[in-house]
Q: 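Let me give you the structure first, and then I'll get to my questions.
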Amino acid sequence: MRLATWNVNSVKARLPRLLEWLAETAPDIVCLQETKCAAEAFPVAEVSELGYTAAAHGDGRWNGVALLSRVGLADVTLSFPGEPGFGELDGVGAARPEARAIGATCAGMRVWSLYAPNGRTLDSPHFVYKLDWFAALRDALAAEVAAGLPVVACGDYNVAPTDADVWDASLFAGATHVTPAERQALAALRDLGLHDVVPTPMKGPHPFTYWDYRAGMFHQNKGMRIDLVYASGDVAGRVRSAYVDREARKGKGPSDHAPIVVDLEA
DNA sequence: ATGACTCGTACGACGAGA
């Protein structure tokens, strides 16, 4: 069983590379983030030619998440229970959740594709939103873990778990992605019994998954590990290997994130 | 290569990304 997660930075712009990568890598389950398209615009026909069933959650130009599976895709959930939103309030004073979470049952596992809010700056309302989002995610995943479901929550968490997960921690003073509050949000997920499935970097000591497009960051390996696979104990115990597919970050027209590929026993 | 971004929207910049 091969599971993968990839922030594609627009499924439309990435479609040729995505299809090529799916054919080469042959994952059974794929979590996609930043699809940047409405659910009805998701390229269902194209991925179905490769044998995948797709479920997409998107509202247009920002965010967007999707799941692909060729081992079943049932009980699809758009957004998680209690997920907060951002921006305009509705009649009862709540903002509608953005398209940042989609869950489904695939091959007996509860699989989530997640795209955490960026946070922007420490003094931004978006940073408060980010922490609230993680708190609600914790509660939603706690319920699934408590129900005894094998859970794997994959995606772009927009948090580097440790200082070793950014190319130069000193440059991140006063920035998002590295604060104690954000790292505590990840620790709260691990406290549920979720395990950080750390992938093998295929080059260099750090399993970075993101490199800014600008200033030759990828070529200098100035990256960040912000895409994570958090798996409940039963799933984590089945992990045979995991790697960052940095080949997918090379060449013409890549995403700024590389996929993580996880091989599970059976 | 001693410098170095890309997306959607919409057709010209601009907000957002991290």
Side-chain angles (χ1 to χ4, degrees), chain A residues 5-19 21 32-43 56-66 85-88 95 97-101 113-131 133-134 154-183 185-186 206-228 244 246 248-260:
Chain A
T5 183
W6 192 9
N7 177 324
V8 289
N9 185 16
S10 171
V11 72
K12 191 175 177 185
R14 214 65 56 217
L15 191 58
R17 287 193 64 135
L18 173 63
L19 296 175
W21 179 83
L32 299 174
Q33 301 87 36
E34 279 206 87
T35 54
K36 293 185 175 177
C37 76
E40 58 271 22
F42 192 85
H57 184 24
D59 20 53
R61 73 184 296 192
W62 304 119
N63 315 310
V65 286
F86 186 81
E88 260 183 63
E98 299 178 303
R100 296 184 176 276
S113 178
L114 303 171
Y115 177 48
N118 171 289
R120 300 183 188 172
T121 58
L122 300 189
D123 58 356
S124 166
H126 212 259
F127 188 72
V128 176
Y129 166 49
K130 182 177 192 175
L131 296 178
W133 188 90
F134 272 113
C154 307
D156 179 354
Y157 282 72
N158 271 321
V159 180
T162 73
D163 281 354
D165 295 312
V166 296
W167 78 92
D168 182 348
S170 71
L171 298 177
F172 282 80
T176 60
H177 294 62
V178 300
T179 63
E182 290 164 287
R183 288 175 172 167
L186 295 183
H206 303 290
F208 296 148
T209 62
Y210 163 86
W211 300 262
D212 197 299
Y213 283 123
R214 291 169 289 191
M217 298 291 269
F218 177 66
H219 306 287
Q220 300 172 73
N221 199 27
K222 293 181 175 176
M224 305 171 75
R225 184 170 83 96
I226 52 175
D227 298 271
L228 305 173
V244 179
R246 66 189 305 283
R249 180 64 179 78
K250 295 181 180 177
K252 187 173 164 57
S255 170
D256 44 3
H257 295 250
I260 298 168

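Being a predicted model, the structure only gives us computed values, none of them experimental. Each chain gets a letter, A, B and so on, in the order its sequence line appears, and its residues count up from 1.
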Q: Output the rounded distance in Å from NZ (A:Lys36) to P (B:dC7).
A: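 After rounding, the reported distance stands at 8 Å.
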Q: Roughly how many Å is it from NZ in A:Lys130 to P in B:dA16, rounded to a whole number?
A: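 So the NZ-P distance, A:Lys130 to B:dA16, works out to 16 Å.
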Q: Could you state the CD-P distance from A:Gln33 to B:dC7, rounded to the nearest angstrom?
A: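 Checked: the CD to P distance equals 17 Å.
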Q: Write down the distance between CZ (A:Phe42) and P (B:dG8), rounded to a whole number of angstrom.
A: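 The answer, rounded to whole Å, is 14 Å.
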Q: Can you confirm if the aromatic rings of A:His177 and A:Phe172 lie within a centre distance of less than 6.0 Å?
A: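 For A:Phe172 and A:His177, the ring centres are not under 6.0 Å apart.
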Q: Within the pair A:Arg120 and B:dG17, is there a side-chain N or O less than 4.0 Å away from OP1 or OP2?
A: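 Yes, within the criterion.
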Q: Answer yes or no: does a side-chain N or O of A:Tyr115 lie under 4.0 Å from OP1 or OP2 of B:dA16?
A: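 So the side-chain polar atoms of A:Tyr115 never come under 4.0 Å of the phosphate oxygens OP1 or OP2 of B:dA16.
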Q: Would you indicate what A:Asn63 reaches in the nucleic acid, counting non-hydrogen atoms under 4.0 angstrom: base, sugar-phosphate, or nothing?
A: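 If one applies the 4.0 Å heavy-atom cut-off, A:Asn63 turns out to touch nothing in the nucleic acid.
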Q: Let me confirm one number: the CG-CD1 distance from A:Asn7 to A:Ile260, rounded to the nearest 0.5 Å.
A: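 Here the interatomic distance stands at 10.5 Å.
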Q: When you compare B:dT6 with B:dA18, how far apart are their P atoms, in angstrom units rounded to a whole number?
A: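 The answer is 16 Å between these two P atoms.
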Q: Find the distance A:Tyr210:OH to B:dC7:C1' and express it as a whole number of Å.
A: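 In whole Å, B:dC7 C1' lies 12 Å from A:Tyr210 OH.
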Q: OP1, OP2 of B:dA10 versus side-chain N and O of A:Arg61: anything below 4.0 Å?
A: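 No, outside the criterion.
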Q: Quickly work out the A:Phe208 CZ to B:dA18 P distance and round it to whole Å.
A: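 So the CZ-P distance, A:Phe208 to B:dA18, works out to 16 Å.
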Q: Under 4.0 Å between a side-chain nitrogen and a carboxylate oxygen: does that hold for A:Arg183 and A:Asp163?
A: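 Between A:Asp163 and A:Arg183 there is a salt bridge, with a charged N closer than 4.0 Å to a carboxylate O.
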Q: Heavy-atom contacts under 4.0 Å between residues 212-228 of chain A and DNA chain B, which residues?
A: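 Residues of residues 212-228 of chain A that come under 4.0 Å of DNA chain B are, in numerical order, A:Tyr213, A:Arg214, A:Ala215, A:Gly216, A:Gln220, A:Met224, A:Ile226.
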Q: To the nearest Å, how far apart are A:Phe127 CZ and B:dA18 C1'?
A: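 For the pair A:Phe127 CZ and B:dA18 C1', the rounded distance is 13 Å.
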Q: With rounding to the closest Å, how many angstrom separate the P atoms on B:dG3 and B:dC7?
A: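 These two P atoms come out 25 Å apart once rounded.
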Q: Check this one for me: any side-chain N or O of A:His257 less than 4.0 Å away from OP1 or OP2 of B:dA18?
A: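 Checking A:His257 against B:dA18: at least one side-chain N or O falls below 4.0 Å of OP1 or OP2.
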Q: Can you identify which nucleotide, out of B:dA16, B:dG8, B:dG17, has its nearest atom closest to the A:Trp62 side chain?
A: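 Nearest to the side chain of A:Trp62 among the choices is B:dA16.
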Q: Would you say a side-chain N or O of A:Ser10 is under 4.0 Å from OP1 or OP2 of B:dG8?
A: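 So the side-chain polar atoms of A:Ser10 do come within 4.0 Å of the phosphate oxygens OP1 or OP2 of B:dG8, strictly under.
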Q: Stems involving DNA chain B: give each as a range paired with a range, ordered by first number, where a stem means at least three consecutive Watson-Crick or G-U wobble pairs under 3.5 Å.
A: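 Stems for DNA chain B, defined as runs of 3 or more consecutive pairs: B:5-9 with B:13-17.
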Q: Taking the same atom, P, in B:dA10 and in B:dG15, what whole-Å distance lies between them?
A: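 To the nearest whole Å, 15 Å.
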Q: Between A:Asn158 and B:dA18, does any side-chain N or O lie under 4.0 Å from OP1 or OP2?
A: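 It does, given that an N or O in the side chain of A:Asn158 lies less than 4.0 Å from OP1 or OP2 of B:dA18.
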Q: Please state the P separation for the pair B:dA16 and B:dG12 - nearest whole angstrom.
A: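 Approximately 22 Å lies between the P atom of B:dA16 and that of B:dG12.
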Q: Round to a whole Å and report the spacing from CG of A:Asn118 to P of B:dT6.
A: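 So the CG-P distance, A:Asn118 to B:dT6, works out to 19 Å.
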Q: Could you please spell out the steps behind the side chain to side chain contact (heavy atoms under 4.5 Å, CB included) verdict for A:Lys130 and A:Glu182?
A: CA-CA 8 Å; A:Lys130 182 177 192 175; A:Glu182 290 164 287; 2.5 Å; yes
Q: Please tell me which of A:Asp256 and A:Gly253 maps to the more 5' nucleotide of DNA chain B, matching each residue to the nucleotide holding its nearest heavy atom.
A: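 Comparing both residues, the 5'-ward one is A:Gly253.
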Q: When the C1' atoms of B:dC11 and B:dA1 are considered, how many whole Å apart are they?
A: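 That atom pair is separated by 32 Å.
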